[in-house]
Amino acid sequence: MKYLLTGAYGFLGRHILGSLQGADVITLGRRPENDIACSLGESVPSLPVVDVVIHCAGKAHVVPKTAEEGEEFYKVNTEGTKNLLKALDALSERPKQFILISTVSVYGLDSGQLISETHPLLGTSPYAKSKILAEKAVLAWAAENMVPIVVLRLPLLIGSNPPGNLDKMINGIKNGRYASINGGRARKSMVLAVDVANLIPNLIGRTGIYNLTDRCHPSFNELERKISDILKTKIHFKLPLKLVSILAVIGDKFSFFPVNSALIDKMTLDLTFDDSKAADELKWAPNKVLNADFL
């Protein structure tokens, strides 16, 4: 098998690259260490014939503050995916498998329990919309070219040196500046990046759309305590919901303020996803996040 892996030096991509150790892997991305150095959002690369495409490259973990920043999501996630498909169209042979890394953000939900893959795609943020369009483009291309396609919709990814809000949480706990909100009661789906990576080689010949989680959906309090235990530190600040709701009003009016309503909702509302389809069809049996020494 010859693999093409985009985004190989991103957070999840590094884990996937490790899971393919010993295989024939061609990496594609903007960094110079890639076998094919290319910005997919800006150009159509020249590719060799490959057996498996794993499209992991994308833009995430940033809240756009301007229309231009919002357009960047479409450029990277949507147009980048379309440019990859154009590059595959130019080959004499189609791949035998396409694996697309997507996100549970496509559902567009702030709260809910055990949301399945059948839920409509209601995401309205530039990130969610760009990933919805990327999914549609790949699914249409795969159907036209009769290529098996697996779409993995992922929640919060857990692992060492993570990007985004998890990185902020870890650093806040490490530096004694993290505040637990409303007792950390909200339950969230999350999954270990290494478990997602280890599943990839088992997807050859498969077709379908799958949510992946650790099947336990820990609360923020459990995740906070796990991180503080690993770091051997304590969480010093615990804020009641009434107080942070008042602070959120300030944040909604002034973008520089670190607390706003969107962040409070994310920290205080349950949001979990159903991955029983993956368990049934892919024999998905992940490790529990709270049992892993992921830092």
Side-chain angles (χ1 to χ4, degrees), residues 1-60 74-103 130-154 157 193-210 212 278 281-284:
M1 286 285 184
K2 179 177 284 189
Y3 293 83
L4 174 69
L5 173 60
T6 73
Y9 294 98
F11 175 56
L12 178 59
R14 285 185 280 111
H15 287 87
I16 295 175
L17 190 59
S19 74
L20 298 174
Q21 192 171 14
D24 187 358
V25 182
I26 297 168
T27 61
L28 186 155
R30 289 180 291 183
R31 297 186 185 183
E33 58 263 44
N34 283 282
D35 298 313
I36 302 173
C38 168
S39 176
L40 282 173
E42 298 174 355
S43 60
V44 178
S46 177
L47 300 177
V49 172
V50 295
D51 298 297
V52 181
V53 175
I54 307 166
H55 186 29
C56 188
K59 181 178 178 65
Y74 294 97
K75 179 180 177 182
V76 175
N77 295 337
T78 306
E79 294 306 316
T81 298
K82 290 180 178 179
N83 284 341
L84 175 61
L85 298 176
K86 289 177 183 177
L88 295 173
D89 281 336
L91 298 177
S92 59
E93 298 178 32
R94 298 292 179 264
K96 298 178 179 67
Q97 181 75 53
F98 196 111
I99 300 167
L100 175 66
I101 302 300
S102 191
T103 170
S130 69
K131 296 297 281 188
I132 291 171
L133 291 172
E135 281 194 19
K136 289 181 177 179
V138 171
L139 290 168
W141 177 88
E144 181 180 346
N145 290 277
M146 293 182 291
V147 174
I149 168 73
V150 170
V151 178
L152 299 179
R153 292 178 180 160
L154 306 181
L157 280 169
V194 67
D195 282 349
V196 176
N198 289 337
L199 178 68
I200 296 293
N202 299 323
L203 297 177
I204 310 306
R206 297 282 188 173
T207 297
I209 299 172
Y210 301 94
L212 297 182
E281 297 182 9
L282 306 178
K283 308 306 178 188
W284 170 245

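Just so you know, residue 1 is the first one in the sequence shown, and it goes up from there. All heavy atoms count here, side chains included; hydrogens, waters and symmetry mates do not.
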Enclosure of E33 CD (heavy-atom neighbours >12, cutoff 6.0 Å): yes
Flag, side chain of R31 to backbone of Y9, donor-acceptor distance under 3.5 Å: yes
Test side chain to side chain contact (heavy atoms under 4.5 Å, CB included) applied to K96 - qualifying residues, sequence neighbours left out: D51
Nearest heavy atoms of G13 and L5, plus distance in Å: O-CD2, 3.9 Å
Non-hydrogen side-chain atoms of L282 and V150 separated by less than 4.5 Å: no
Closest non-hydrogen atom pair between S19 and A197, with its separation: OG-O, 3.1 Å
Closest non-hydrogen atom pair between P148 and R206, with its separation: CB-O, 3.5 Å
T81 to H55 - nearest heavy-atom pair and separation: OG1-NE2, 3.0 Å
Sidechain-backbone polar pair: N77 side chain, G58 backbone, donor-acceptor under 3.5 Å: no
Neighbour count >12 (heavy atoms, 6.0 Å) for atom CZ, R30: no
Atom pair CG (L12) and CG (L17), whose distance is rounded to the nearest 0.5 Å: 11.0 Å
Close side-chain approach of L199 and D195, heavy atoms under 4.5 Å: no
Nearest-0.5 Å distance that lies between atom CZ in R153 and atom CD in E135: 4.0 Å
Distance, nearest 0.5 Å, that separates CG of L40 from NZ of K82: 14.0 Å
Residue pair F98 / L85, side-chain heavy-atom distance below 4.5 Å: yes
Under 3.5 Å: donor-acceptor pair, side chain of S102, backbone of V151: no
Check: I200 and V52 side chains under 4.5 Å, non-hydrogen atoms: no
Atom of S92, atom of V49 and distance for their closest heavy-atom approach: OG-CG2, 3.8 Å
Beyond-backbone contact of L47 with L84, side-chain heavy atoms, under 4.5 angstrom: yes
Distance, nearest 0.5 Å, that separates CG of L152 from OG1 of T103: 11.5 Å
Separation between CD1 of I16 and CZ of R14, rounded to the nearest 0.5 Å: 11.5 Å
Closest non-hydrogen atom pair between P48 and I26, with its separation: CG-CD1, 3.3 Å
Main-chain N/O of Y74 paired with E79 side-chain donor or acceptor, under 3.5 Å: no
Residues in ring-ring contact (aromatic ring centres under 6.0 Å, His included) contact with F11, at least two apart in sequence or another chain: H15
Point-to-point distance, once rounded to the nearest 0.5 Å, from CH2 of W141 to CG of L88: 5.0 Å
Heavy-atom side-chain contact between V25 and T27 under 4.5 Å: yes
Backbone N/O of P45 and side chain of K86: donor-acceptor pair under 3.5 Å: no
